[in-house]
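Below is one structure, written out as structure tokens; comments come after it.
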Amino acid sequence: MVAGLCRSLRDRVLDRCIGVFPCLADPARRSNLVLRVALVMLHLVYAGILFLFDGGLIGKTKKEPWYTALYLLLWIATLVQYFLTAGSSPGYVIDAMRAVNERNVTYRRAPLASKQPASSKNGSLLVAVEGGSGTNSQGSNATSWAKLVMDMYPPGTSVRTFTCSYCHVEQPPRTKHCHDCDRCVLQFDHHCVWIGTCIGQGNHCRFWWYICEETALCLWTAIFYVTYLKENITRAWWKDVIMIVLLIFLSILFIFLLLLLLFHSYLVLTNQTTYELVRRRRIPYLRGVPERVYPFSKGVCRNLYNFCCFRTNIYTFEPLPTPLELEEKLRPYTFLDVLKCRCC
């Protein structure tokens with residue numbers, strides 16, 4: 001009886017909320033909204049309790065306002081980076097395919113004397129293929145999406161091998177279909193539940209900066225909590241209990257974020273994704289690659305440059321390395337290679 005009344009009341013409240021906010025009708029959007037609200041509330045609770053309990057921090061703020069101001073600035077920047085990452089596109093194949101098709105249409109319509117790349121008309125989207133002989137949208141040749149993708153695979157590869165069975169589109173290398181987003185993602189890393197979107201080519205850099213800022217914020221907050229417990233451990237026991245419980249949870253969260261930051265830093269330095277590292281034996285074009293060979297790595301410095309200076313309006317495709325390139329990557333470094341910065 002009571003359970004039925006509660007269920008009926010919950011349904012009524014949910015129907016009214018959906019009437020006011022139609023976006024809540026989608027269960028996926030509703031769960032994403034709940035997670036984002038929970039994350040913001042978690043940040044508010046930790047910062048609010050700190051300033052509510054720690055009177056010494058308020059006094060220190062009056063003497064040295066810059067110290068607390070830097071903490072609050074990091075707190076705000078972390079939340080802003082979170083929402084920027086959550087609202088960014090990971091790089092969907094359908095968007096890249098649309099950009100290529102628009103480039104082709106513009107190329108065919110343009111006069112022979114004034115052919116420009118389709119992207120130069122509005123400066124919005126560019127498609128580039130890495131490699132010496134790769135075709136890109138900044139050139140003057142119109143190339144279909146199927147041919148563009150096929151040129152990135154070894155000759156003789158069947159189209160069915162790289163065609164998505166869900167989207168029915170040709171997938172460039174390093175692409176995977178995300179069942180949560182129901183789209184194919186370029187350089188798919190993983191689907192982040194807390195952010196509510198996939199992490200891929202378009203937002204991996206933003207995601208790295210977010211976990212970096214979140215890790216720094218956790219560490220700084222933990223320092224504040226430890227300082228408070230040292231100075232006020234015997235004043236009010238119930239405050240100490242609350243602070244200790246929050247500190248334990250914060251320490252676990254910090255360890256997790258630190259390990260996640262180190263793991264993604266390793267992926268960045270070697271130009272890998274989480275999916276490629278975990279499912280290496282199941283990915284067809286990586287099965288024959290030795291474990292200690294990073295097929296898409298271009299050296300630490302080049303990997304960092306491509307990762308940090310990536311432009312969100314450019315879709316970059318990486319062709320599969322040739323056997324000669326894999327053999328070169330397999331060759332161990334010598335002292336002469338280090339002097340020539342081959343590892344970089």
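Predicted, not measured: the structure shown is a model, and the values here were computed from it.
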Side-chain H-bond candidate by donor/acceptor type, Thr157 with Tyr285, under 3.5 Å: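 On atom types as modelled, these side chains do not qualify, holding no pair under 3.5 Å.
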
Answer with yes or no whether the side chains of Ser297 and Asn303 bring together a donor and an acceptor at under 3.5 Å.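 Indeed, the side chains of Asn303 and Ser297 share at least one donor-acceptor pair under 3.5 Å.
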
How close do [X] and [Y] get, heavy atom to heavy atom, and via which atoms?
X      : Y      : result
Ile211 : Thr215 : O-OG1, 2.6 Å
Ala77  : Glu213 : O-OE1, 3.2 Å
Leu326 : Val293 : CD2-CG1, 4.3 Å
Tyr153 : Pro173 : OH-N, 3.4 Å
Phe296 : Pro321 : CE2-CD, 4.1 Å
Glu291 : Arg281 : OE2-NH2, 3.6 Å

Would [X] and [Y] count as a close aromatic pair, with their ring centres under 6.0 Å?
X      : Y      : answer
Phe53  : Trp238 : yes
Trp220 : Phe254 : no
Phe317 : Trp145 : yes

Indicate yes or no: at least one non-hydrogen side-chain atom of [X] is less than 4.5 angstrom from one of [Y].
X      : Y      : answer
His177 : Cys167 : yes
Tyr166 : His179 : yes
Met152 : Leu320 : no
Tyr225 : Tyr46  : yes
Leu257 : Leu261 : no
Val169 : Thr163 : no
Leu304 : Leu269 : yes
Pro90  : Tyr92  : yes

May I have the step-by-step check of side-chain hydrogen bond (donor to acceptor under 3.5 Å, both in side chains) for Thr274 and Asp189, ending in yes or no? CA-CA 5 Å; Thr274 302; Asp189 189 88; 2.8 Å; yes

Gap between atom [atom2] of [Y] and atom [atom1] of [X] - 0.5 Å precision:
X      : Y      : atom1 : atom2 : answer
Asn32  : Ile195 : CG    : CD1   : 10.5 Å
Tyr315 : Met97  : OH    : CE    : 11.5 Å
Thr270 : Tyr294 : OG1   : OH    : 5.5 Å
Glu214 : Leu258 : CD    : CG    : 13.0 Å
Arg174 : Gln272 : CZ    : CD    : 8.0 Å
Leu260 : Cys212 : CG    : SG    : 11.5 Å

I'd like to know if the side chain of [X] and the backbone of [Y] have a donor-acceptor N/O pair within less than 3.5 Å.
X      : Y      : result
Glu325 : Thr322 : yes
Asn271 : Val268 : no
Arg183 : Ile94  : no
Gln201 : Thr316 : yes

Taking a hydrophobic cluster as the set of Ile, Leu, Val, Met, Phe, Trp and Tyr residues connected by side-chain heavy atoms closer than 4.5 Å, whether directly or through intermediates, do [X] and [Y] fall within one such cluster?
X      : Y      : result
Leu73  : Phe83  : no
Leu72  : Leu50  : yes
Met41  : Leu33  : yes
Ile76  : Leu74  : yes
Leu229 : Val226 : yes

Within a 6.0 Å radius of atom [atom1] on [X], are there more than 12 heavy atoms belonging to other residues, nucleotides or ligands?
X      : atom1 : result
Phe51  : CZ    : yes
Tyr266 : OH    : yes
Trp209 : CH2   : no
Arg279 : CZ    : no

Between Asp95 and Leu186, is a side-chain contact (heavy atoms from CB on, under 4.5 Å) present by the stated rule, with each step listed? CA-CA 10 Å; Asp95 295 333; Leu186 297 170; over 6 Å; no

What I want to find out is whether Arg160 reaches Glu170 closely enough, with some N-O distance under 4.0 Å, to be called a salt bridge.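 Answer for the salt bridge query: no.
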
Salt bridge between Lys298 and Glu318, side-chain N to carboxylate O under 4.0 Å?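 Answer for the salt bridge query: yes.
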
Going through the checks in order, is the side-chain hydrogen bond (donor to acceptor under 3.5 Å, both in side chains) test met by Tyr71 and Thr221? CA-CA 9 Å; Tyr71 174 78; Thr221 305; 2.8 Å; yes

For side-chain contact (heavy atoms from CB on, under 4.5 Å), just list the numbers for Arg36 and Trp194, CA-CA rounded to whole Å, side-chain angles, deciding distance to a tenth of an Å, and then say yes or no. CA-CA 7 Å; Arg36 291 173 186 178; Trp194 277 103; over 6 Å; no

Only one of Gln187, His264, His190 forms a side chain to side chain donor-acceptor pair (under 3.5 Å) with His204, so which one is it?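 The side chain to side chain donor-acceptor pair (under 3.5 Å) with His204 is passed solely by His264 among Gln187, His264, His190.
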
Please report the C-alpha distance between Glu276 and Phe188 in whole Å, then the side-chain angles of each, then the deciding distance to 0.1 Å, and finally whether the side-chain contact (heavy atoms from CB on, under 4.5 Å) criterion is met. CA-CA 9 Å; Glu276 291 172 345; Phe188 176 84; over 6 Å; no

Let's go through His191 and Lys176 carefully: what are the C-alpha distance in whole Å and the side-chain angles of both, what is the deciding distance for side-chain contact (heavy atoms from CB on, under 4.5 Å) to 0.1 Å, and is it a yes or a no? CA-CA 11 Å; His191 184 89; Lys176 182 186 179 298; over 6 Å; no

